[in-house]
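All values below come from the heavy atoms of this structure, side chains included, with hydrogens, waters and symmetry mates left out. Here the structure is a predicted model, which means the values were calculated and not measured. We name chains A, B, ... by the order of the sequence lines, and we start the count at 1 in each one.
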Amino acid sequence: MDGISYALTAVTTPSVLLAAAGGVLWGILGGALPGLSPSIAMALLLPFTFDMTPLAAIVMLTGIYIGAEYGGSIPAILIRTPGTNAAAATVIDGYAMHQQGRGGEALGLSLVAGTIAGLVGLICLVLLTAPLSALALYFTPPAYFALAIMGLSVIAALSEGSLVKGLIMGIIGLMISTIGTDPLSGVTRFTFGGAELLGGIEYIFVMLGVFAVAELMSKMAEGDDEEGITKSVARVKLPGVKKLWALRGALGIGTGVGIIEGPIPGAGGTVAAFLSYNEAKRWSKTPEQFGHGAEEGVVAPEAANNAVTSSALIPTLTFGIPGSNSMAVLLGGLLIHGIQPGPMLLSTRPDLVYGLFGGLFLSNMFMLIFGLLLLGPAVWLVNRPKPYLTASIFMIVLSGVYSINQSLFDFWVVLLSGVLGYGMKLLKFPVLPLILGVVLGYMIEANYRRSLLLTNGEHRVFFENPLSLGLLLCAGLIIGLAVVSEIRRLRHGRRATQE
Amino acid sequence: MRNVTLVVSAALFALAVGYWISADSISESRLAGAVGADGFPKVLGVALGVLSLILAGQTLFESYIVPARDKAPVQEEAQDASSAWRGHLRAFGLIAIGIAYVLLLPYLGYMVAGGLMLGAVATYAGLRPSLATLLFAVCGGLCFYLIFVKLLQIPLPAGFWPGLVN
C-alpha cells in the first residue's frame, strides 16, 4: 500500500508532471531525428537535471527514453529512415504501408501498440522486478553468445525469398563488425593504418546509409515518375478495439519479447524488435503479407521496443548494471543525484522507486497525447513537394551523422553505406540481415571467445549451459523452419515453370 | 540479371579471399585466448567464399531450368537498360552532392554549406532555380543551424567566418 501511495504522490506532484511531459516531448523529437539516439537525447538534457529533485530528474530521463523509442518509428514509417536503432524493424512494413497510402494508419498502430506495450511492461516491472533480475544473473558468456546466435538466426526468416543472399548479407554485416580493435586482445583489425577505424564502424552509420541514403538515391533514380507511390494525403488513423483484438497475437508477441529482452544486458530494443517481428511473422495467419505492409509487422516491433523501456530498468535499478547506452545515461543521472542503485535501493528509497513507477505511467500517457498531437504535423510534413523533402531529409541525415562523433570521417561511411544499400536493392539482396550482422557481430565474437577463454577452448560449454542450449535449440528451430520454407519455395517455382 | 548475379558472385568470392588473406595477416597476441583475433574473421571469409559459390551455382541452375524463351526482345531489353543506367547516374549525382558538402563543410561552415546543399539537392530533384528555391536554401540553412547548433548544441564546423570577425 505504501508503494501505491508513493506512486500517487509522484503523479500529482507538479514538478514530476512537468518533467514527464517535457521528457517525452523532447524524446519524441530527438527519436525522430535520425542519428540522435535515445541515449544522446538523454545525455543532452542531463545537465538540465542538476537543479531538479532526484525523482523529477529520473522521471524526465526515463520519459525521454520512452518518447525516443516511439519517436524513432515516425521517420521509419514516413521516410524509411529509422530514427533509432530499435525502429529498424518497423521500416519494413511501416514504410510499405506508407507507400500504399496507409502511413497515418501505421503511425496510429505504432503509437497505440507502443503505449499498450509500455503500460503492460510497466505492470510487469512492478510485479516482476525481483524474479526477472534473478534471470539476468544466469546470463554468462555462453548464454550471451547463444542469444546473439538466436538473434542472427532471424536472418533466415528475413531473407525475402533468397536464403543464400540473406546469409551473404549477414556475413558481410559480421565482417563490418570485425573492423577496429579486437574486443579481447586489443589487436587492430582491418583498419588499414587509419585512426578513424580503431573504434570500429558504428552500426547507426551503416543503418543511415543503407536505409535513408539508399532510399533517397532510389527516389532520385525514379525521377519524376511517381508511379506506384500514392499521391493521396495520409491521415492519422488510430486503430479501433476490433482492429486491436485482431492484432492481439502480434501485440502479445511484441510485448512478451520486449519484457523478456529488456532486462538482458546488451540485448535491448533492437534485438527485441527483430525477434518479435520474426515471431509475429512465424505465428501469423498471413505471413506472406510481411514485407508488403502487414499491420502485424508494425505492431510487433513497436510493442517490443516500447516494452523494453520499462523492463530494461530492472537490472539498472536492482543491480546498478546498465544494459544499454540509454540505461548508462540513466545510471549517470542517478549517481549525479547521490542515488546508488543496487539490491538495497527498494528498501532504502521506496519513495524514489515507486515514484518512478508512477512517473513511467505518466510518461506513457504523455506519449499517447503528444504522439497524437505530433502525428498530424508529421504526416503533413511528409506530403510536401518531393524536391523539398528529399533535400531536407538528406540534410537531416548528414547533420545527425556529425552529431554522433563530430567526425567528418563518419560522412564517408554513411555515403559509402548508401551506395552499398542502393546496390543491394538493385541486385535484390535483403538489407536487414546486413544490419543484424553489424549489430550482433561484437556480441557473438566477444562472448564466443570469452566462453572459450573460461573453458580452455572447450566448445561443450555452449551445450552444457541450459540457457545457452535452450537458446541454440531455438535458433536451430528458426533456421530449420526457414530452410524448409526455402526448399518448398524452390520446388514450387520449379513446378510453376514446368507448368 | 543472371549475368549480373554471376559477376556479383565472383566479386563476393574475391572479397572473401581478400578478407581471409587480410585476416591471416592480423598480428597474434598472448591475450587473445584459445581463438585468436584472426579466428572469427577467417571463419567469415570461408563462409562468404562458400556462399558466393553456392549463389553462383544456384544462378546457373535456375538459368538451366528456366527456358530462354521467357527473355524479352533484345531491342526492348536494350531500351530498358539505357533508361535504368540514366536513373543510376541520377542516383549517384546525389552522392556527388553529398561528397561536395562534406568537402566544403570545414571551409564554408555548417550554415552556408548546408544552405548550398539544400538548394543543390532541391534543384537536382526537379525544382526550378527560382526565388522560392533560393529562399528554401537560405531559410533551410538557417533553420538547421538554429536546431542543430543553437538548440542541440552540436559543435558543427563554423568554417572560416569566425576568423574574419576576429
Where [X] and [Y] come nearest, the two heavy atoms and their spacing:
X: B:Ala37; Y: A:Asp182; result: CB-OD2, 3.5 Å
X: A:Ile396; Y: B:Phe144; result: CG1-CE2, 3.5 Å
X: B:Pro106; Y: A:Leu408; result: CG-CD1, 3.5 Å
X: A:Met217; Y: B:Ala91; result: O-CB, 3.3 Å
X: B:Phe136; Y: A:Ala391; result: CE2-CB, 3.8 Å
X: B:Arg90; Y: A:Met220; result: NE-O, 2.9 Å

Next item on the list: Look at B:Ala120, B:Ala122, B:Cys143, B:Ala137 and state which one has the largest set of heavy-atom pairs under 4.5 Å with chain A.
Entry: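 When all of B:Ala120, B:Ala122, B:Cys143, B:Ala137 are compared, B:Ala122 has the most.
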Next item on the list: Sort out for me which of B:Pro157, B:Gly119, B:Gly140 touches chain A most, counting heavy-atom pairs under 4.5 Å.
Entry: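 The residue among B:Pro157, B:Gly119, B:Gly140 with the greatest pair count is B:Pro157.
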Taking side chain as everything from C-beta outward and backbone as N, CA, C, O, which of these in [X] sits under 4.5 Å from a heavy atom of chain A? Side chain, backbone, both or neither.
X: B:Leu156; answer: both
X: B:Ala23; answer: both
X: B:Leu89; answer: neither

Checklist line | Exceeds 12 heavy-atom contacts within 6.0 angstrom, atom CZ of B:Phe160 | finding: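 Yes.
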Next item on the list: Report the C-alpha distance between B:Phe40 and A:Leu174 in whole Å, list the side-chain angles of each, state the deciding distance to 0.1 Å, and finish with yes or no for side-chain contact (heavy atoms from CB on, under 4.5 Å).
Entry: CA-CA 9 Å; B:Phe40 187 59; A:Leu174 289 170; 4.3 Å; yes
What distance separates [X] [atom1] from [Y] [atom2], expressed to the nearest 0.5 Å?
X: A:Ser399; Y: B:Tyr110; atom1: OG; atom2: OH; value: 2.5 Å
X: A:Leu415; Y: B:Ile97; atom1: CG; atom2: CD1; value: 11.5 Å
X: A:Phe411; Y: B:Leu103; atom1: CZ; atom2: CG; value: 11.0 Å
X: A:Lys165; Y: B:Thr5; atom1: NZ; atom2: OG1; value: 5.0 Å
X: A:Leu167; Y: B:Leu55; atom1: CG; atom2: CG; value: 11.0 Å
X: B:Leu44; Y: A:Ile172; atom1: CG; atom2: CD1; value: 10.5 Å

Next item on the list: Applying side-chain contact (heavy atoms from CB on, under 4.5 Å), run through B:His88 and A:Leu426 and close with a yes or a no.
Entry: CA-CA 10 Å; B:His88 301 327; A:Leu426 285 182; 3.3 Å; yes
Note to self: Any heavy-atom pair between the side chains of A:Met175 and B:Pro41 that's under 4.5 Å?
What the structure shows: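 No - every pair of side-chain heavy atoms lies 4.5 Å or more apart.
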Next item on the list: Determine the option with the most heavy-atom pairs under 4.5 angstrom with chain B, choosing from A:Leu398, A:Ile444, A:Thr390.
Entry: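 Greatest number of close heavy-atom pairs with chain B: A:Leu398.
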Check: Taking every heavy-atom pair that is under 4.5 Å apart, which of A:Val187, A:Thr178, A:Ile168 has the most such pairs with chain B?
Finding: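 Result: the option with the highest number of such pairs is A:Ile168.
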Next item on the list: Assert yes or no for the condition that the ring centre distance of B:Tyr19 to A:Phe190 is strictly below 6.0 Å.
Entry: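 Here the rings of A:Phe190 and B:Tyr19 have centres that are less than 6.0 Å from each other.
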Next item on the list: Please report the C-alpha distance between B:Leu118 and A:Tyr388 in whole Å, then the side-chain angles of each, then the deciding distance to 0.1 Å, and finally whether the side-chain contact (heavy atoms from CB on, under 4.5 Å) criterion is met.
Entry: CA-CA 8 Å; B:Leu118 283 169; A:Tyr388 290 127; over 6 Å; no
Next item on the list: Heavy-atom distances under 4.5 Å only: say whether A:Thr455 touches chain B with side chain, backbone, both or neither.
Entry: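 Contact with chain B is absent: no heavy atom of A:Thr455 under 4.5 Å.
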Checklist line | Part of A:Tyr422 within contact of chain B (heavy atom distance under 4.5 Å) | finding: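 Side chain of A:Tyr422 only, per the 4.5 Å heavy-atom cut-off to chain B.
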